Amino acid sequence: MDAGSYRFMLGEFECLAVSDGAFNYSPGSLFANVPEQEIESVLHSRGLPTDRVTTPYTCLFIDTGDNRVLVDTGAGNLGESAPKVVPNVDHSTTATGALRRNLEAAGIPASEVDTVIITHAHPDHVGGTVDDAGELVFANARYVIGREESTFWTSEVGARQAPPIMVDIARRSLDAIGDRLTFVDTGEEILPGIRVVATPGHTPGHISLEISSGDEILLHISDVVIYPLHLEHPDWTPVFDMLPEAAETSKRRTFD
């Protein structure tokens with residue numbers, strides 16, 4: 001185990017769970033349809049703070065032997081805007097943008113990533129696409145995104161339905177990789193052993209990944225679930241689920 005990462009094998013694939021940092025949310029933003037007292041009671045019973053919910057930002061790296069694949073680019077400097085994104089929360093432990101540093105500490109230079117798969121275009125999943133100078137962080141990679149996801153964020157519908165900061169970050173990131181972008185559909189195999197699974201709801205075109213090698217399979221669900229309590233309570237809705245009913249359907253289908 002390296003600092004900021006955890007190695008594991010999936011069949012013949014060498015995988016690395018890599019920390020990009022963590023972000024503090026208000027309990028009400030993650031469980032928007034639950035009475036405040038109930039949220040406090042559940043968090044307290046687990047020995048957790050009741051004034052905030054800390055979620056780790058973790059990306060997945062996969063070395064298939066033929067390709068070096070990164071799932072999502074992390075949040076970049078989103079943490080610097082935390083008080084504006086989620087106000088009235090203690091952000092003293094909010095910190096993002098550690099993905100590249102932790103990859104390199106694990107012996108994986110950004111230049112060696114040849115494929116980046118974007119599960120969805122929320123800021124914590126594409127915010128690390130470009131650096132502060134506007135240059136691509138993973139400059140030698142091709143980029144893959146669900147066709148419906150890309151269409152949403154570049155459309156007028158997306159501009160009306162999503163908060164401006166989300167639209168701005170999504171469009172800036174997608175514009176930067178426009179000539180490297182490949183669109184994929186449900187069931188499509190991105191690379192041998194990595195297949196698209198449609199899980200809409202968190203965003204209209206949110207995808208998960210079925211990753212298989214040998215006789216082992218990993219279902220990478222991205223933000224189908226944001227926090228472990230959503231596993232126990234799939235009907236507890238975060239404000240970030242853009243299509244709540246579709247999101248609950250995706251949660252229950254994934255859990256099954």
Side-chain angles (χ1 to χ4, degrees), residues 1-20 55-74 99-100 102-120 122 124-126 138 140-149 181-203 205-234 246-256:
M1 183 169 179
D2 304 296
S5 64
Y6 177 77
R7 293 180 186 271
F8 63 98
M9 296 299 296
L10 180 76
E12 297 300 314
F13 292 176
E14 183 175 3
C15 302
L16 197 72
V18 190
S19 173
D20 185 47
T55 64
Y57 285 169
T58 306
C59 294
L60 179 65
F61 172 81
I62 312 155
D63 188 340
T64 70
D66 294 319
N67 296 96
R68 310 196 98 188
V69 183
L70 181 66
V71 183
D72 294 326
T73 65
L99 175 62
R100 182 174 186 172
N102 285 330
L103 277 171
E104 291 178 349
I108 305 165
S111 60
E112 292 188 4
V113 174
D114 59 58
T115 305
V116 174
I117 302 171
I118 298 171
T119 61
H120 62 296
H122 271 170
D124 51 321
H125 292 259
V126 297
F138 305 101
N140 296 325
R142 74 172 180 119
Y143 291 76
V144 178
I145 191 172
R147 190 180 309 275
E148 187 175 352
E149 183 72 1
L181 203 53
T182 300
F183 303 110
V184 291
D185 297 304
T186 303
E188 190 168 336
E189 192 171 57
I190 298 172
L191 291 167
I194 304 178
R195 187 175 65 84
V196 176
V197 179
T199 46
H202 184 63
T203 62
H206 185 285
I207 62 171
S208 297
L209 302 171
E210 183 183 278
I211 306 165
S212 59
S213 175
D215 59 355
E216 295 187 328
I217 298 175
L218 171 67
L219 183 60
H220 182 288
I221 64 173
S222 191
D223 276 4
V224 172
V225 171
I226 297 180
Y227 195 72
L229 281 175
H230 292 124
L231 288 162
E232 299 176 40
H233 306 279
E248 184 176 345
T249 297
S250 289
K251 286 180 177 68
R252 294 186 184 279
R253 186 172 66 246
T254 299
F255 299 166
D256 288 344

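Excluded from the calculations below are hydrogen atoms, water molecules and symmetry mates; all remaining heavy atoms, backbone and side chain alike, are included. Along the sequence shown, the residues carry numbers beginning at 1. These numbers come from a predicted model, not from an experiment.
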| query | Can you tell me how far the CD1 atom of I207 sits from the CZ atom of R195, to the nearest 0.5 Å? | reply | 11.5 Å
| message | For R142, give me all partners under side chain to side chain donor-acceptor pair (under 3.5 Å), at least two apart in sequence or on another chain. | response | none
| field | Taking every non-hydrogen atom, the tightest pair across E248 and P234 | value | CG-O, 3.8 Å
| Between R68 and D114, is there a salt bridge with N-O shorter than 4.0 Å? | no
| query | Atom OH of Y143 and atom OG1 of T182: how far apart are they, to the nearest 0.5 Å? | reply | 12.0 Å
| message | Which residues pass the side-chain contact (heavy atoms from CB on, under 4.5 Å) test with S222, not counting sequence neighbours? | response | D72, T119, H120, H125, H206, H220
| Does D185 have any side chain to side chain donor-acceptor pair (under 3.5 Å) partners at least two apart in sequence or in another chain, and if so, which? | R147
| said: Distance check, rounded to the nearest 0.5 Å: I108 atom CD1 versus L70 atom CG? | reply: 9.0 Å
| said: Within this structure, what is the CE-CD distance for the pair M9 and E14, rounded to the nearest 0.5 Å? | reply: 5.5 Å
| remark: Taking every heavy atom of L16 against every heavy atom of F8, the minimum-distance pair comes out as N-CE2, 4.4 Å
| task | Report the residues that fulfil side-chain contact (heavy atoms from CB on, under 4.5 Å) with E148, sequence neighbours left out, ordered by chain and then residue number. | result | P204
| request: Keeping the roles fixed (side chain from R7, backbone from A106), state whether a donor-acceptor pair exists under 3.5 Å. | output: yes
| field | Nearest heavy-atom neighbours spanning L60 and C15 | value | CD1-CB, 4.2 Å
| Hey, does the side chain of S213 reach the backbone of E12 with a donor-acceptor pair shorter than 3.5 angstrom? | yes
| remark: Hits for side chain to side chain donor-acceptor pair (under 3.5 Å) against E104, two or more places apart or cross-chain, chain-then-number order -> R100
| Heavy atoms, side chains only, cut-off 4.5 Å: are L99 and Y57 in contact? | no
| message | Rounded to the nearest 0.5 Å, what separates atom CD1 in I62 from atom CG in L10? | response | 8.5 Å
| remark: Closest heavy-atom pair, V197 versus L219, reported as atoms and distance to 0.1 Å, is CG2-CD1, 4.4 Å
| To the nearest 0.5 Å, how far apart are CD1 in I221 and NZ in K251? | 9.5 Å
| task | Show the numbers, then the answer: is there a side-chain contact (heavy atoms from CB on, under 4.5 Å) between D66 and L191? | result | CA-CA 10 Å; D66 294 319; L191 291 167; over 6 Å; no
| query | Only one of I117, V71, L218 forms a side chain to side chain contact (heavy atoms under 4.5 Å, CB included) with I194, so which one is it? | reply | I117
| Which atom pair, heavy atoms only, marks the closest approach of V113 to A141? | O-CB, 3.4 Å
| request: Indicate yes or no for a side-chain donor-acceptor contact from T115 to the backbone of V69 under 3.5 Å, with no hydrogens or angles considered. | output: no
| field | Heavy-atom pair of closest approach, residues S111 and N140 | value | O-ND2, 3.0 Å
| task | Go through the steps for F138 and L103 under the test side-chain contact (heavy atoms from CB on, under 4.5 Å), then give the verdict. | result | CA-CA 11 Å; F138 305 101; L103 277 171; 3.9 Å; yes
| Hey, is the main chain of S19 close enough, under 3.5 Å, to the side chain of N102 for a donor-acceptor pair? | yes
| query | Sequence neighbours excluded, which residues qualify as side chain to side chain donor-acceptor pair (under 3.5 Å) partners of E189? | reply | none
